[in-house]
2 protein chains.
Amino acid sequence: MATGRHHRPATSRSRGIPEATVARLPLYLRALMALSERSVPTVSSEELASAAGVNSAKLRKDFSYLGSYGTRGVGYDVEYLVYQISRELGLTQDWPVVIVGIGNLGAALANYGGFASRGFRVAALIDADPALTGKPVAGIPVQHTDELETIISENGVSIGVIATPAGAAQQVCDRLVAAGITSILNFAPTVLSVPEGVDVRKVDLSIELQILAFHEQRKAGEELPGAEEEVDPAPHPVSPPAATVTKRETKRDGRDSNRDSGRGTGRDAKRPDSGPDGDLPAVMPA
Amino acid sequence: MATGRHHRPATSRSRGIPEATVARLPLYLRALMALSERSVPTVSSEELASAAGVNSAKLRKDFSYLGSYGTRGVGYDVEYLVYQISRELGLTQDWPVVIVGIGNLGAALANYGGFASRGFRVAALIDADPALTGKPVAGIPVQHTDELETIISENGVSIGVIATPAGAAQQVCDRLVAAGITSILNFAPTVLSVPEGVDVRKVDLSIELQILAFHEQRKAGEELPGAEEEVDPAPHPVSPPAATVTKRETKRDGRDSNRDSGRGTGRDAKRPDSGPDGDLPAVMPA
DNA sequence: TAGATTGTTAATCGATTAACAATC
DNA sequence: TAGATTGTTAATCGATTAACAATC
């Protein structure tokens, strides 16, 4: 999930489109563009909702914030709606973006076709590694971090993508903001702190997997009714002020190993080679 | 933003942790692991909330769903909380994952350190291109799509990552599900249809940028009070059943070009080389 | 006109947050 | 004990959705 912090309330002043609606407009747009390619002239809220994977009442409600672009008894004109949503999202103008951090992910982003096709133009690729400078990635020569401020001001860039390691992200962020960037898409696994007026959205690959793991675990436990119901019976294990010296013991005390009771038997395709109690990772990802 | 569809209500039966809370647990975990690395013994809800970028009341409420793991007047024991959250998320066990589609993005994912460090293990890389078969990526030889079913059953994989082009995603998804996968992380820009009981989470790079663009556009318009307030004065432009032949006209009629009035003047760093009315993209991203 | 489908209402649900009693 | 901080309550807010009148 992406976390967005905005400097205005969820329902913005002008015409007041709820944040949840804004987040769905790109989904509708994609579905509409697919219909447009197939030259489908009109679409009903039911059909479009199904294509976008949402409830049709929600879709109609969402569209009602944009205006009355449908026709009762008929549906929505595909081309007209594509245009109205594009306009609402600001995609009818050109948005130069810079990508900072041209590792595997940065290169993947540079090559991602979805950017160019929706009004986003990769204005520059920036990396701190001098060995990369000048090397073309997706046909664009990588520029050195030293040039960051110049690139941003000369190209009028207002959107920056951070694909650096976590350790460099805040520093890069600060420079981007100082150079005039007001929207940041952050792929580094860190919380960025930004001044008022700067939007940050976060894409975190590891977090998505962790959420899936949570549900996956629940599915496995579900086949043994009541197995997950057991509430940890012991109170807090240690008196926290003394916890520093007993950290490892706290984590590995007897009660904790109880948790595995009755799990993992229902679906034996899981956990092929893990021990009964997997070790916790000690390091943060890069 | 990622869209998750689950086969149970947002508040699940056993111990009932709200979906919004589950989505934040990885954030807390990351912040806690950073504290753990610095050997910080305890942390208050205020400190931790600040590190995770959330409200402290929300954090305490979130933790209350897990149990009473804090100490009044003191705070939370870092190690103990790391362990409890890890356990809740299912990260104390090993989760083998397969990545399907080893293009730029797939390779980036294979190399992403955040997977391995949190109980996720890349069990296999799969691609349909025979030229890639056997070629190592992130030290793991790519296997051919033909082997998909075998790989999944032999490794007991329950989580699949789809990083293929949009056109191949549903087909890959169907095969993954048929082979026993019950959780899918989808990077392809398509809505996947899956049977009941299969979770899909979606990461969409282009959508995140579009949401940023929306806010960016609003920021620009804001500097001219009232400029964005103007409501489209014209009713629906065409009688939709006849729209097929007039599609382009609909999109380009006089009223639509009005929308640009008064925009872009406040912040002239924007739109360095776009025309007054950028063309809409006609194609879907790969 | 009859059928279809939008746009909107209102009820419901879930999430957020300030406030504070409990308690270490 | 006094100070600090949790865990929980309750109010508020935003999002979802069924239902249906409006209307093409």
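Order of the sequence lines sets the chain letters (A, B, ...), proteins ahead of strands, with each chain counted from 1.
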Could you list the residues that satisfy side chain to side chain donor-acceptor pair (under 3.5 Å) with [X], not counting sequence neighbours?
X	answer
B:D174	B:Q170
B:S50	none
A:T21	A:D62

Specify the separation, in whole Å, of atom [atom1] of [X] and atom [atom2] of [N].
X	N	atom1	atom2	answer
B:R72	C:dT23	CZ	P	6 Å
B:E19	D:dT16	CD	P	14 Å
B:F63	D:dT5	CZ	P	16 Å
A:L25	D:dA15	CG	P	13 Å
B:E46	D:dA4	CD	P	13 Å
A:D62	C:dT6	CG	P	14 Å
B:D77	D:dT5	CG	P	16 Å
B:Y65	D:dG7	OH	C1'	12 Å

Discussion item. Measuring from the side chain of B:S45 (C-beta onward, heavy atoms only), which nucleotide among C:dT8, D:dT6, C:dC24 has the closest atom?
Written reply: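 Shortest atom-to-atom distance from the side chain points to D:dT6.
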Worksheet entry | Proximal nucleotide (of C:dC24, D:dT16, C:dA15) relative to the B:P18 side chain |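 Of C:dC24, D:dT16, C:dA15, C:dA15 is nearest to the side chain of B:P18.
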Worksheet item: So does A:R24 pair up with A:E19, basic N to acidic O under 4.0 Å?
Response: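 Salt bridge: no.
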Item to complete: Using heavy atoms to find the nearest nucleotide of DNA chain C for A:G73 and B:G73 separately, return the residue whose nucleotide is more 5′.
Response: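 Result of the comparison: A:G73.
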Discussion item. For a quick test of reading the model, state the closest non-hydrogen atom pair linking A:S206 to A:Q210 and the distance between them.
Written reply: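 Smallest heavy-atom distance, with atoms named: OG-NE2, 2.8 Å.
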Worksheet item: To the nearest 0.5 Å, what is the distance between CD1 (B:I85) and CG (B:L91)?
Response: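 Rounded to the nearest 0.5 Å, the CD1-CG separation comes to 10.0 Å.
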Worksheet item: Do A:R87 and A:T92 get their side chains close enough for a donor-acceptor pair, meaning under 3.5 Å?
Response: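 No, no side-chain donor-acceptor contact under 3.5 Å.
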Item to complete: Ignoring hydrogens and angles, state whether a donor on the side chain of B:Y83 or B:E79 is under 3.5 Å from an acceptor on the partner side chain.
Response: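 Side-chain D/A pair, B:Y83 to B:E79: absent.
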Discussion item. Applying ring-ring contact (aromatic ring centres under 6.0 Å, His included), can you list everything that pairs with A:F63, at least two apart in sequence or on another chain?
Written reply: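 For A:F63, the residues satisfying ring-ring contact (aromatic ring centres under 6.0 Å, His included) (neighbours in sequence not counted) are A:Y28, A:Y76.
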Item to complete: For C:dG7, take OP1 and OP2 only and decide whether either is under 4.0 Å from a side-chain N or O of A:Y76.
Response: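 Answer is yes, contact under 4.0 Å.
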Item to complete: Quick one: stems involving DNA chain D, counted as three or more successive Watson-Crick or G-U pairs, both distances short of 3.5 Å.
Response: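 Output for stems: C:3-24 with D:3-24.
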Heteroatom pairs (N/O) under 3.5 angstrom, protein to nucleotides 17-19 of chain D:
| residue | atom | partner | partner atom | Å |
| --- | --- | --- | --- | --- |
| D:dT17 | OP2 | A:K58 | NZ | 3.3 |
| D:dA18 | OP2 | A:N55 | ND2 | 3.4 |
| D:dA19 | N6 | A:R60 | NH2 | 3.2 |

